[in-house]
Protein chains: 2
Amino acid sequence: MQLRSPSRNFKEQKIVSVTRKDQVYTILRQAIISSQLSPGETIRKELVAAQLGVSRTPVSDAINRLADEGLVEIYPQTGTFVARLWLDKIETAQFVRVALETAAIRRTAERATPETIARFRQNLERQRKAADKQDFEQFYELDEALHDLICDAAGLVGLREIASKERSQIDRVRRLLLHYETRMIETLAEHEAIISAIADRDPGKAAKTMEAHIAQMGKMLLHLRDKRPELFGS
Amino acid sequence: MQLRSPSRNFKEQKIVSVTRKDQVYTILRQAIISSQLSPGETIRKELVAAQLGVSRTPVSDAINRLADEGLVEIYPQTGTFVARLWLDKIETAQFVRVALETAAIRRTAERATPETIARFRQNLERQRKAADKQDFEQFYELDEALHDLICDAAGLVGLREIASKERSQIDRVRRLLLHYETRMIETLAEHEAIISAIADRDPGKAAKTMEAHIAQMGKMLLHLRDKRPELFGS
DNA sequence: CAATAACATCTAACATGTTACACACCAACT
DNA sequence: AGTTGGTGTGTAACATGTTAGATGTTATTG
C-alpha cells in the first residue's frame with residue numbers, strides 16, 4: 001500500500017547479490033568463452049536447469065543476458081544455440097574494442113602513477129612466464145586482468161564492466177585461435193607496446209600495434225573458417 | 001528427441017520477432033528516456049503487467065534488460081526503481097560515447113560517399129527547422145537519427161545497436177536538460193561541426209567540439225542537481 | 001526512554017504449468 | 001520427381017503459483 005521511499009533509504013552502493021541467475025550466467029558464459037560449448041551447439045534450457053539443480057527461470061534469465069551479449073542465439077519457439085562466429089560481428093567487436101581501449105589508454109596515460117605502471121609491468125612479467133611455459137589458461141587470465149587494470153586506471157566507474165562485455169566475442173575467438181601458438185608471443189609484444197606507450201605518454205603508438213595485431217587475427221580467422229566452417233555463421 | 005541440426009537449416013538472418021517482452025521493453029525504455037518516468041520512481045511490475053495486459057514474465061524480462069542497460073535499479077526482494085542519475089556513471093557513459101563516436105566518425109570520414117553526406121545535411125536541415133520551431137521532440141528524434149546514420153555509414157554490422165545502448169543514459173540526461181533552451185542551438189552547432197569534419201575528412205576537429213560540449217553539459221548537470229537533488233544518486 | 005527483537009508486509013526471485021509457433025516429416029497430388 | 005499441404009513434435013514465450021528475504025513497524029525489555 002504505502003510505497004517505500006524510493007531507495008534513498010537503503011544501501012546506495014550496489015549490493016553484490018549473487019542470485020541464481022547470476023551464477024548460471026557466470027557458469028554458462030565461462031563455458032562459452034572457454035569453448036567448452038562450441039559455436040553452433042544446442043543449449044537445452046531444461047537440461048541445463050536439471051544439471052545445475054535449478055528451475056528453468058534462472059536459466060532463461062541468464063540466457064537472455066547472454067543473447068544480449070551476443071554469445072547465444074535464440075530462435076523463438078525453436079531453440080537456443082551457442083552463437084556461431086560471424087565475421088562481420090567480430091569485425092564490429094574489434095572496432096569497439098579498439099575504440100574503447102585506445103581511449104582508455106589515452107586517459108590512463110595521462111593519469112597513471114608509477115605504482116600503476118609497476119602493476120602493469122608486474123602483470124607483463126607473469127605473462128611472459130606463462131608464455132614461456134605455454135600455459136594458455138594462465139596467459140589469458142593475465143591478459144584479461146591487464147585489460148581490467150587499464151580500464152580501472154582510467155578512473156571511470158563501470159568502464160571495466162562495459163569493456164569486458166563488449167570484449168566477450170573477441171575473448172572467445174582468442175581462445176579458439178590458441179593453437180596458433182605464435183599468438184601468445186605476438187599478444188605479449190602488443191601488450192608491451194601498450195604499456196610502453198602509457199609509460200611514455202604516447203598512446204598513438206599503441207594504437208598502431210593494435211591495428212596490425214587485428215589484421216593478423218583476421219587472417220587466422222579466415223584460416224580457421226576453412227578448417228572448421230561449422231563454427232561460423234553466414 | 002532428435003536435436004534439430006544446429007540452426008544451419010533455418011533463417012540465418014536475425015528474425016525480427018517482436019515478442020511481448022520486446023514490446024514491453026520498448027515502451028518502458030521510451031518512458032524512461034523521455035522522463036515520463038522520473039529517476040527514482042518506483043516501478044511496480046505487477047501494475048505494469050496489468051496496465052499492458054500481460055503477465056509478470058515479459059515485464060520482468062524487459063526490466064532485466066533495462067537493468068543491464070543501467071536505466072533501472074533492481075533491489076532484490078525490495079523493489080525496482082527508475083535509475084537515478086549518478087554523475088560518475090554519466091561521466092563513464094560520456095567517455096564511451098565519445099570514444100565510439102569519434103572512432104565511427106573517423107571511419108565514416110574515410111568512406112562517406114557524397115550521397116551519405118547529402119543525407120547528413122538533409123537531417124541537419126530538418127534539425128534546424130525543428131530548432132527554430134522549438135520542437136524538442138522532433139529535434140531529439142532527428143538527433144538520434146543522425147547518430148544512427150553516422151554509425152550505419154561506418155559500415156559495421158550491429159554498431160548502431162551497441163552505440164544506441166551505450167548512449168541511453170545520455171539520451172535521458174539530454175531530455176532532462178531540455179529546458180535549458182540554448183542547448184538545441186549548441187547541439188546543432190556540434191552536429192554541423194561533426195558533419196563538416198566528415199566532409200573535410202578531418203575527424204580531429206569534431207572531437208574538439210564534442211569535448212567542449214560535454215564540459216558544458218557537466219556544468220548544467222550540477223545545476224540540475226542543486227534544483228532537483230531527488231533525481232540524483234550518491 | 002532507547003535499544004532491540006519479533007512481526008507484518010511487500011517484492012523480486014524462483015518454480016512450474018500452459019500455450020503458441022517454427023520446423024521437420026510425410027503423404028497426396030500434379 | 002518436385003511441389004504442396006497436413007500433422008506431429010519440441011521449444012521458447014507466456015502465465016501463474018510459491019518462496020525467501022529485505023524493510024518498516026510495533027512490541028518488548030533493560
Side-chain angles (χ1 to χ4, degrees), chain A residues 1-28 40-68 71-83, chain B residues 1-28 40-68 71-83:
Chain A
M1 167 158 305
Q2 180 51 35
L3 68 138
R4 300 185 215 293
S5 168
S7 68
R8 194 93 60 90
N9 302 339
F10 24 111
K11 288 279 165 317
E12 296 289 0
Q13 282 303 8
K14 185 97 183 179
I15 301 157
V16 276
S17 72
V18 179
T19 62
R20 280 178 226 222
K21 75 177 158 207
D22 292 331
Q23 296 177 46
V24 175
Y25 167 79
T26 303
I27 291 170
L28 284 179
E41 198 172 337
T42 305
I43 296 176
R44 266 173 250 276
K45 293 183 178 185
E46 202 148 4
L47 192 62
V48 172
Q51 284 174 343
L52 298 180
V54 298
S55 79
R56 308 193 311 271
T57 309
V59 175
S60 285
D61 287 346
I63 285 178
N64 280 333
R65 215 167 133 195
L66 290 166
D68 266 347
L71 290 177
V72 305
E73 298 170 8
I74 300 173
Y75 292 86
Q77 267 70 41
T78 303
T80 301
F81 309 90
V82 178
Chain B
M1 165 142 302
Q2 178 53 32
L3 67 139
R4 300 184 213 295
S5 166
S7 66
R8 195 93 59 91
N9 302 341
F10 25 110
K11 287 280 164 317
E12 297 288 1
Q13 282 304 6
K14 185 99 183 178
I15 301 158
V16 277
S17 72
V18 179
T19 61
R20 282 181 226 224
K21 74 178 157 209
D22 292 331
Q23 296 178 46
V24 175
Y25 167 80
T26 303
I27 291 170
L28 284 178
E41 199 172 335
T42 306
I43 296 176
R44 264 172 250 277
K45 293 184 179 185
E46 201 147 6
L47 192 61
V48 173
Q51 284 174 343
L52 298 179
V54 298
S55 80
R56 309 191 314 269
T57 308
V59 175
S60 285
D61 287 347
I63 284 177
N64 280 333
R65 215 166 134 197
L66 290 166
D68 266 347
L71 290 178
V72 306
E73 299 169 8
I74 300 172
Y75 292 86
Q77 266 70 39
T78 303
T80 302
F81 308 90
V82 178

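Below, each value reflects all heavy atoms present in this structure, side chains not excepted, and no hydrogens, waters or symmetry copies. Reminder, nothing fancy here: chain letters follow the sequence lines and each chain counts from 1.
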Under 3.5 Å, which protein N or O atoms sit close to an N or O of nucleotides 17-20 of chain D? Give each pair with its distance.
| residue | atom | partner | partner atom | Å |
| --- | --- | --- | --- | --- |
| D:dG17 | N7 | B:Arg56 | NH2 | 3.3 |
| D:dG17 | O6 | B:Arg56 | NH2 | 2.4 |

* Asked: To the nearest Å, how far apart are B:Leu47 CG and C:dC10 P?
  -> 14 Å

* To do: Grab the two heavy atoms, one from A:Ala67 and one from A:Ile74, that are nearest each other, plus how far apart they are.
  => CB-CD1, 3.8 Å

* Length of the CD-P vector between B:Glu73 and C:dT11, whole Å -> 17 Å

* In Å and rounded to the nearest 0.5 Å, what is the CD to CZ distance from A:Glu41 to A:Phe81? -> 11.0 Å

* Asked: What is the nucleic acid contact for A:Thr19, judged by heavy atoms within less than 4.0 Å: base, sugar-phosphate only, or nothing?
  -> sugar-phosphate

* Of B:Val54 and A:Ile43, the one whose closest DNA chain D nucleotide lies more 5' -> A:Ile43

* Test A:Thr57 against B:Thr57 for side-chain contact (heavy atoms from CB on, under 4.5 Å), laying out the working first. => CA-CA 10 Å; A:Thr57 309; B:Thr57 308; over 6 Å; no

* Structure fact -> B:Arg44 CZ to C:dT9 P, in whole Å, measures 16 Å

* **5' priority, DNA chain D, between A:Glu46 and B:Gly53 [closest heavy atom]** => A:Glu46

* Shortest side-chain distance from B:Thr57, nucleotide among D:dA12, D:dT16, C:dT11 -> D:dT16

* d(NZ, A:Lys21; P, C:dC14) in whole Å -> 6 Å

* Asked: Given D:dA15, D:dA12, C:dA13, which nucleotide is nearest the side-chain atoms of B:Pro58?
  -> D:dA15

* Are any side-chain N or O atoms of B:Asp22 and backbone N or O atoms of B:Thr19, one a donor and one an acceptor, separated by less than 3.5 Å? -> yes

* Report yes if a side-chain nitrogen or oxygen of A:Thr80 is closer than 4.0 Å to either non-bridging phosphate oxygen (OP1 or OP2) of D:dA12; otherwise report no. => yes

* To do: Look at atom CD of A:Gln23 and say whether more than 12 heavy atoms of other residues, nucleotides or ligands are closer to it than 6.0 Å.
  => yes

* To do: Mind running side chain to side chain donor-acceptor pair (under 3.5 Å) on B:Thr80 and B:Lys45 for me, showing each step along the way?
  => CA-CA 8 Å; B:Thr80 302; B:Lys45 293 184 179 185; 4.8 Å; no

* Let me know the distance between CD1 of B:Ile74 and P of D:dA22, rounded to the nearest Å. => 15 Å

* Rounded interatomic separation in angstrom, taking CG from B:Leu66 and P from C:dA12 -> 14 Å

* Measure the distance from NZ on B:Lys45 to C1' on C:dC10 and round it to the nearest whole Å. => 13 Å

* Asked: A:Asn64 has an atom CG; how far is it from atom P of D:dC14, in whole Å?
  -> 10 Å

